[in-house]
Amino acid sequence: MTASPLLKQVLFVSASEALRQFGDRVLRSAGLAVTSAPSAAAARESLAARRADLVVVDLADAPQEASGAMVDLLGQLREESPSPQGPRLLALVRVRSADHFRALFSKRRITNFLAVGEDETLEPRELAVTAQKLVSRQLFGLSRYLGGSPRLETMELDRSEQKDAVVDRAEAFAVEAGCHPRVAQQIAIAVDELVTNALYNAPVDVKGAALYAHLPRSTPVKLDQRIVIQLASDPHRVAISALDPFGSLLPDIVMDYLSRCFAERSPLMSPQRGGAGLGLYYLFNLLHSFIIDLEPGHATESIGLLDISKSYRAYAARGRSFNLFVGPP
Amino acid sequence: MNVALSADGRALTLSGPLSEKDDLTRLAAQLSGEVRVDVGGVGRINSAGVKGWMSFVAALPDSVQLVFERCPAGFVSQLNMVAGFIGKGRVASVAVPYTCPSCGESADPIVSVSPLRDLPATHGPCPRCGAMLELDVSPDEFLAFLQG
Ligand SMILES: [Zn+2]
């Protein structure tokens with residue numbers, strides 16, 4: 001059956017047949033047209049014959065410094081298609097070392113990657129939503145990452161004094177959702193980082209100048225507008241998010257912060273850069289998936305996803321995914 | 001964070017969350033020589049807390065050596081994630097997380113890491129259901145800070 005040419009086209013490149021079949025099934029179900037390629041060479045042939053709106057490249061076990069065929073393909077595509085009309089790129093990764101993440105954020109400048117599990121699959125809903133977000137302009141929303149009718153709690157705050165209550169509630173929520181208490185504590189810390197970012201790093205004046213980024217986080221702040229914190233869960237995952245009405249985060253700065261934090265592993269580097277850098281690094285480490293939806297000048301939504309882990313070991317062993325989506329200004 | 005320093009200044013007990021609310025730099029000036037630091041009761045640690053903590057570590061007089069005892073998993077995470085987290089200090093013991101695979105009960109027995117011993121894969125029967133408690137961390141990742 002030939003897919004409609006009106007559908008968004010995905011080229012799924014992986015040496016793993018199991019993963020290609022999985023990607024094909026999940027992405028077709030998500031309303032996308034899918035072509036698969038088992039190698040970088042086959043991917044280039046496919047791209048010469050037909051357009052792709054999204055290219056998914058499985059980096060397999062490529063060590064971070066080695067240049068493999070898939071790494072080269074990704075680099076070439078990124079160089080060739082910096083325009084919004086070119087295909088969007090999504091990497092699939094299996095390596096979990098700090099060096100590998102540093103290479104992804106710095107040298108390779110990969111803004112979107114998903115972790116492949118040991119069973120050669122990805123979380124299907126997350127793959128589908130990620131692909132849809134990459135080819136569309138509809139970025140925002142937490143519930144789409146969860147199945148069925150997820151449990152959802154929404155809290156609004158505008159003052160730093162309200163943070164502790166939100167963080168305490170997040171920990172209790174995670175325990176109620178079935179997380180081990182040790183994992184629930186990690187979720188609480190992640191919510192703490194999200195709230196702190198939204199209260200201190202996000203607010204800007206009408207000219208876009210940061211209002212509170214320079215302040216010690218012990219100095220209370222009160223915003224003119226509210227930030228929205230959501231906690232959600234389905235039987236398998238917990239999701240957390242912070243939505244601010246500023247949209248002040250800069251994608252290049254995010255990538256720089258993360259790559260430098262992985263390189264230096266130190267919070268003492270350049271205190272002038274404010275607190276956002278270390279907070280982002282903590283969020284990446286605390287969460288299974290760290291997602292940033294950015295509409296420049298309008299809103300930033302930071303989302304965290306975590307499997308409901310009955311043990312800390314399972315929580316810690318899970319691969320880490322990262323997705324930065326930038327919508328129209 | 002709650003701070004309790006013994007009268008002779010040689011034993012420090014820290015407990016509760018470590019966050020932006022904590023300024024420990026004045027404490028640094030009160031310490032000298034070898035100080036045993038019990039961090040067994042330290043809870044959540046956020047990035048702002050780590051920044052403040054690093055200022056505390058940087059403000060310690062040269063004569064001070066902190067010896068950390070009963071480090072809980074959250075504290076060990078910082079040791080593994082943040083270069084120079086305890087400065088010139090050393091870790092004497094950690095609280096190793098164990099979890100019951102059948103009912104989720106937890107235990108955190110204290111294990112000395114100087115000298116380093118292997119972390120046992122199990123830790124006796126669960127007090128609630130009798131199943132064997134299982135090591136709830138990857139030993140290599142949990143003890144990565146010992147590799148320097
Ligand atoms: Zn039990």
Side-chain angles (χ1 to χ4, degrees), chain A residues 96-98 160 163-164 167-168 170-171 175 178-197 200 215-220 261-269 271 274-286 309-317, chain B residues 16-23 25 42-59 72-85 87 95-108 119 121 133-142 144-145:
Chain A
R96 217 160 49 83
S97 72
S160 48
K163 185 185 77 168
D164 286 353
V167 172
D168 287 344
E171 185 159 350
V175 170
C179 294
H180 190 279
R182 291 188 186 110
V183 179
Q185 188 184 66
Q186 305 299 303
I187 292 174
I189 298 169
V191 168
D192 185 323
E193 301 293 346
L194 288 180
V195 173
T196 300
N197 258 337
Y200 288 89
L215 291 178
R217 290 352 180 204
S218 52
T219 305
C261 283
F262 274 108
E264 300 169 32
R265 290 175 51 235
S266 168
L268 288 186
M269 46 190 188
L278 192 65
L280 293 171
Y281 176 60
Y282 271 61
L283 282 165
F284 180 84
N285 282 291
L286 287 162
S309 305
K310 302 284 182 200
S311 75
Y312 184 83
R313 190 172 187 148
Y315 156 80
Chain B
L18 175 61
S19 74
E20 61 281 356
K21 298 187 183 86
D22 301 298
D23 181 358
T25 44
V42 172
R44 291 178 204 145
I45 302 176
N46 68 13
S47 67
V50 169
K51 280 201 151 188
W53 174 266
M54 297 304 282
S55 301
F56 161 69
V57 170
F75 193 89
V76 172
S77 290
Q78 309 305 321
L79 289 169
N80 289 324
M81 203 160 70
V82 179
F85 187 65
V96 182
Y98 286 83
T99 297
C100 173
S102 77
C103 78
E105 180 76 0
S106 299
D108 300 84
L119 298 179
L133 293 168
E134 291 178 356
L135 183 61
D136 201 10
V137 288
S138 146
D140 289 348
E141 288 181 14
F142 190 68
F145 68 92

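Excluded from the calculations below are hydrogen atoms, water molecules and symmetry mates; all remaining heavy atoms, backbone and side chain alike, are included.
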Does some side-chain heavy atom of A/Asp164 sit less than 4.5 Å from a side-chain heavy atom of B/Lys21?
yes

Contact class of B/Leu135 relative to chain A, heavy atoms under 4.5 angstrom
both

Just do the salt bridge (Lys or Arg N to Asp or Glu O under 4.0 Å) check on A/Asp192 and B/Arg44 with the steps written out, would you?
CA-CA 10 Å; A/Asp192 185 323; B/Arg44 291 178 204 145; 6.0 Å; no

Examine the side chains of A/Tyr200 and B/Glu20 and answer whether a donor and an acceptor come within less than 3.5 Å of each other.
no

Structural part of A/Thr196 lying under 4.5 Å from a heavy atom of chain B:
neither

Distance from B/Cys103 atom SG to A/Lys310 atom NZ, nearest 0.5 Å?
12.0 Å

Calculate, to the nearest 0.5 Å, the distance between atoms OG1 and OH belonging to B/Thr99 and A/Tyr312 respectively.
11.0 Å

Drop me the distance from A/Tyr282's OH to B/Met81's CE, to the nearest 0.5 angstrom.
4.0 Å

For A/Glu171, which atoms come within 4.5 Å of any heavy atom of chain B: side chain, backbone, both, or neither?
side chain

Does one side chain, of B/Ser47 or A/Arg217, offer a donor that lies under 3.5 Å from an acceptor on the other?
no

Candidate pair A/Arg182 and B/Val137, rule side-chain contact (heavy atoms from CB on, under 4.5 Å), full reasoning:
CA-CA 11 Å; A/Arg182 291 188 186 110; B/Val137 288; over 6 Å; no

I want to check something: taking the side chain as every heavy atom from C-beta on, are A/Gln185 and B/Ile45 in contact at a cut-off of under 4.5 Å?
no

To the nearest 0.5 Å, tell me how far A/Glu193 CD sits from B/Asn46 CG.
5.5 Å

Structural part of B/Glu134 lying under 4.5 Å from a heavy atom of chain A:
neither

First locate atom CZ of B/Phe142, then atom CZ of A/Arg313, and finally report the distance between them rounded to the nearest 0.5 Å.
11.5 Å

Heavy-atom pairs under 4.5 Å with chain A - which of B/Pro97, B/Gly104, B/Gly52 has more of them than the others?
B/Pro97

Do the non-hydrogen side-chain atoms of B/Met54 and A/Leu278 ever get within less than 4.5 Å of each other?
no

Given heavy-atom pairs under 4.5 angstrom as the criterion, report whether the side chain, backbone, both or neither of B/Ser106 touches chain A.
both

